[in-house]
Amino acid sequence: MNKKLMEQVGGKNSMAFGKSNAKVYVQSSQGIRFSDVAGEDEAKESLAETVDYLHNPKKYTDAGASMPKGVLLVGPPGTGKTMLAKAVAGEANVPFFSISGSEFVEMFVGMGASKVRDLFKQAKEKAPCIVFIDEIDAIGQKRSSGGGMGGNDEREQTLNQLLTEMDGFEGNNGVIILAATNRPESLDPALTRPGRFDRRVPVELPDLAGREAILKVHAKKIKTADDVDFHTIARMASGASGAELANIINEAALRAVRDGRTVVTEADLEESIEVVIAGYQKKNAVLSDKEKMVVAYHEIGHALVAALQTHSAPVQKITIIPRTSGALGYTMQVDTGDKYLLTKEELENKIATLTGGRAAEEVAFGSITTGASNDIEQATKLARAMITRYGMTDEFDMVAMETVNNQYLGGDTSLACSADTQKDIDRKVVELVKAQHAKARQILEQNRAKLDELAKFLYEKETISGEEFMQILTAGGDKQ
Ligand code: ADP
Ligand code: ZN
């Protein structure tokens, strides 16, 4: 922005800053309570103390205890951090001030620090109250890092002001600051020092029971048919966040409306999982018959390799209806529960399953296509992790060759070894994937008749259920 324009804008809006923007911050927490937040029991437990303090500060001051001034909610996007902060305000029945870290720095130059000052001034007037700063990493990044982006000074000034404000008030004056981030490791250590955000509450992706609970909370807003089994839906939505689960319920309701119904069925929900996870069904994508057949073999390849290796999860559904996400087919596997530990063998089986699509193309057509690109990426990642992070080779034993930078954002990694070792790692990754690919091909060759039968069945029906798949697989002889 050039200076003249800035003056204009600043001049025009200068009245909007300072006291008059009070309404920007104060928000009703709309009566959100802990009971509205499904699962996340540990986070709620940890925040219950804050609520208790706001209810009864005397109990704490009498004992000479002071509450942490700042609580950092840490976890992936959409897991309910904002909801939890609102619920603390709702439970304690105190005002809720909310602002996103990015708002501080996206405003006009020089406004960040004064916004912070203004926010705290108002909060102190309204105490006891909750101040919630979402995406605190936008202002709270390590001061040394950051380079590249302009407006760095601006961010530093804002951060410094925040630190000054936090130091300037006593823990017992009734202002509790909650902040959320999914990049805890990028925060400036000054922010997490004692007396600032010294309490950290992890807010993780929901497990199976948590997902079921979240689905049920959101399903209260819609009418569901008697056949709906939330346990199954929760199992199918493995890895989904609370926000995604809320979205799954809403998409299912929209689908019912499109069909002229008011009651949401199990089929709506299953379809909606795929919509949310894999993108909308591409109604007008036209695959040639030959392509459709290749995709059918490819998907059956994944499913067969998965099913014939004892440790792989059963198949829920296989479809060759293309998705807008670009996937031409889709094999939905169901984990029988949330697994926190995977054995080396299970990981190898996963890689074999990922290579099963390509292997089926080779076995059936003797030629290969671009259809396996995503499988290749995933198999490579897994194989790499086994070697560099899980210590699953004799050669490198329990030595970390890579370290994870951020456990919440896709787990990107940094190498921690010499160039020579990198060569060895690359070679090991190839060996590992190659061995599993060969295993997958062998499984499919040994079960060629089933492969053909199932691929033809899928080609004709386009979508088949896990039960149909298992029926054909286990019918007659030719079993492994
Ligand atoms: P975050 O702040 O962690 O990104 P939000 O609190 O904004 O996540 O959650 C977004 C939406 O997802 C919420 O409004 C709610 O509809 C849904 N949601 C997320 N987690 C939960 C949960 N544990 N229980 C119920 N709903 C949830
Ligand atoms: Zn595939």
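Below, each value reflects all heavy atoms present in this structure, side chains not excepted, and no hydrogens, waters or symmetry copies. Ligands are counted one by one from 1 in listed order, and the atoms in each one are counted from 1 as well.
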Could you list the residues that satisfy salt bridge (charged side-chain N to carboxylate O under 4.0 Å, His left out) with Lys434, not counting sequence neighbours?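 Here no residue qualifies.
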According to salt bridge (charged side-chain N to carboxylate O under 4.0 Å, His left out), who are the partners of Glu362, at least two apart in sequence or on a separate chain?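 If we apply the salt bridge (charged side-chain N to carboxylate O under 4.0 Å, His left out) test to Glu362, skipping adjacent residues, the hits are Arg441.
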Glu165: what forms a side chain to side chain contact (heavy atoms under 4.5 Å, CB included) with it, not counting sequence neighbours? Val116, Arg117, Phe120, Lys124, Gln161
Take the angle between the ring planes of Phe365 and Tyr297 and call it parallel below 30°, perpendicular above 60°, tilted in between.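 The arrangement is perpendicular - the two ring planes meet at more than 60°.
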Compile the protein residues with any heavy atom at a distance under 4.0 Å from an atom of ligand 1; present them by chain, then by number.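 Ligand 1 pocket, heavy atoms under 4.0 Å: Asp36, Val37, Ala38, Pro77, Gly78, Thr79, Gly80, Lys81, Thr82, Met83, Ile214, His218, Gly242, Ala243, Ala246.
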Between Asp375 and His298, is any side-chain donor less than 3.5 angstrom from a side-chain acceptor?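 Distance-only check passes for Asp375 and His298.
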Quick one: the NE2 of His302, the Zn ion (ligand 2), NE2 of His298 angle, rounded to 10°, please. 90°
Please tell me if the side chains of Thr181 and Glu135 come closer than 4.5 Å, counting only heavy atoms from C-beta onward. no
Just by modelled atom types, is the Val88 backbone N or O under 3.5 Å from a matching donor or acceptor in the Glu91 side chain?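 No, the answer is negative, given that no donor and acceptor are paired below the 3.5 Å cut-off.
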Could you confirm whether Asp375 has any N/O/S atom lying under 2.8 Å from the Zn ion (ligand 2)? yes
